Amino acid sequence: MLISDLSQSTVASAAHYLWSLVLSLATLLISILLLYLARFSARLEIKDLAALRSMFDRFPAWGKRASWAQQNSFEAFTIHAPAALLAVVAVLNGQTLPSITVAVALAHPALRVAYISAYLFNVPIARSVAWLLGLLCSGILYGVGLAALV
């Protein structure tokens, strides 16, 4: 099937999942920005560039949490991105996905923002709930996407 053969409504349906992917990438980039703010607050120097991770002990408490949030953001993105792409492929192949999939696809980046915020402000319960719900969103996308393509 060629892109020109796709209907406008099919492409519009896939757009939700592509937005989920883009917004999830944006949360990853935000976490990297926060890590660099922590590095600069710990007085990043040229000599530190040889071993950036060795600066960790100089980070303020929020900076250490920003570092951990950034590491988890990479992990979450590598789980969510294929799930969102799976939904895109399913929709572009003419499958109609349940409406819940749009909700969970768009909830994931919002939950990641909540996760990062809860991590920075040291609210472990909120962080854990946001992490679990975000993982559940990706799991639902995998399940629905795989079921649609099988």
Side-chain angles (χ1 to χ4, degrees), residues 1-42 44 51-53 55-56 59-150:
M1 176 184 299
L2 298 173
I3 298 283
S4 60
D5 294 338
L6 296 173
S7 73
Q8 217 170 11
S9 65
T10 301
V11 173
S13 296
H16 298 298
Y17 307 109
L18 291 172
W19 272 112
S20 173
L21 185 62
V22 168
L23 293 172
S24 293
L25 178 61
T27 63
L28 172 60
L29 296 175
I30 288 168
S31 74
I32 293 169
L33 175 66
L34 293 169
L35 174 61
Y36 271 87
L37 288 174
R39 286 179 176 157
F40 285 114
S41 73
L44 174 71
L52 282 172
R53 292 185 178 145
M55 295 185 62
F56 183 80
F59 287 179
W62 71 266
K64 290 178 181 176
R65 293 189 301 271
S67 179
W68 296 322
Q70 181 264 341
Q71 291 169 10
N72 183 268
S73 292
F74 272 103
E75 296 163 1
F77 184 74
T78 61
I79 291 170
H80 184 72
L85 290 173
L86 187 61
V88 169
V89 168
V91 169
L92 293 180
N93 279 318
Q95 300 297 319
T96 302
L97 301 182
S99 57
I100 185 108
T101 56
V102 171
V104 298
L106 296 175
H108 182 270
L111 288 164
R112 291 304 302 168
V113 168
Y115 173 86
I116 293 167
S117 300
Y119 221 141
L120 284 177
F121 294 108
N122 201 21
V123 186
I125 296 295
R127 182 188 80 222
S128 297
V129 169
W131 176 84
L132 180 64
L133 292 175
L135 188 61
L136 183 62
C137 288
S138 295
I140 290 170
L141 280 180
Y142 274 113
V144 171
L146 286 172
L149 291 175
V150 174

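Fair warning: this is a prediction, and the values are worked out from it, not measured in the lab.
With a 4.5 Å cut-off on side-chain heavy atoms, T78 and F74 do not count as touching. Put simply, the side chain of L28 reaches to within 4.5 Å of the side chain of L25, judged on heavy atoms. Contact check for V88 versus V91: no side-chain heavy atoms found under the 4.5 Å cut-off. N122 places a side-chain heavy atom less than 4.5 Å from the side chain of R65.
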Audit row: V129, L132, side-chain contact (heavy atoms from CB on, under 4.5 Å) steps and yes/no: CA-CA 5 Å; V129 169; L132 180 64; 5.9 Å; no
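The minimum heavy-atom distance linking S67 with F59 is given by the pair CB-CE1, 4.1 Å. Looking at every heavy atom in both residues, A38 comes nearest to P60 through O-CD, 4.4 Å.
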Identify each donor-acceptor pair in which a side-chain atom of residues 98-116 lies under 3.5 Å from a protein atom, sequence neighbours left out, and give them as a table.
residue : atom : partner : partner atom : Å
T101    : OG1  : Y17     : OH           : 2.6
T101    : OG1  : P98     : O            : 2.6
H108    : ND1  : S24     : OG           : 3.2
R112    : NH1  : N72     : OD1          : 2.9
R112    : NH2  : N72     : OD1          : 3.0
R112    : NH2  : S73     : OG           : 3.2

Could you go through residues 142-150 and list every donor-acceptor pair under 3.5 Å that involves a side-chain atom there, pairing it with any protein atom two or more places apart or in another chain?
residue : atom : partner : partner atom : Å
Y142    : OH   : I79     : O            : 2.8

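Taking the ring axis of Y119 as reference, the NZ or CZ atom of R127 stays within 45° of it and closer than 6.0 Å to the ring centre.
Evaluation of the ring-ring contact (aromatic ring centres under 6.0 Å, His included) rule for F77 yields no partner, not counting sequence neighbours.
A distance of 9.5 Å separates CD in E75 from CD in Q70, rounded to the nearest 0.5 Å.
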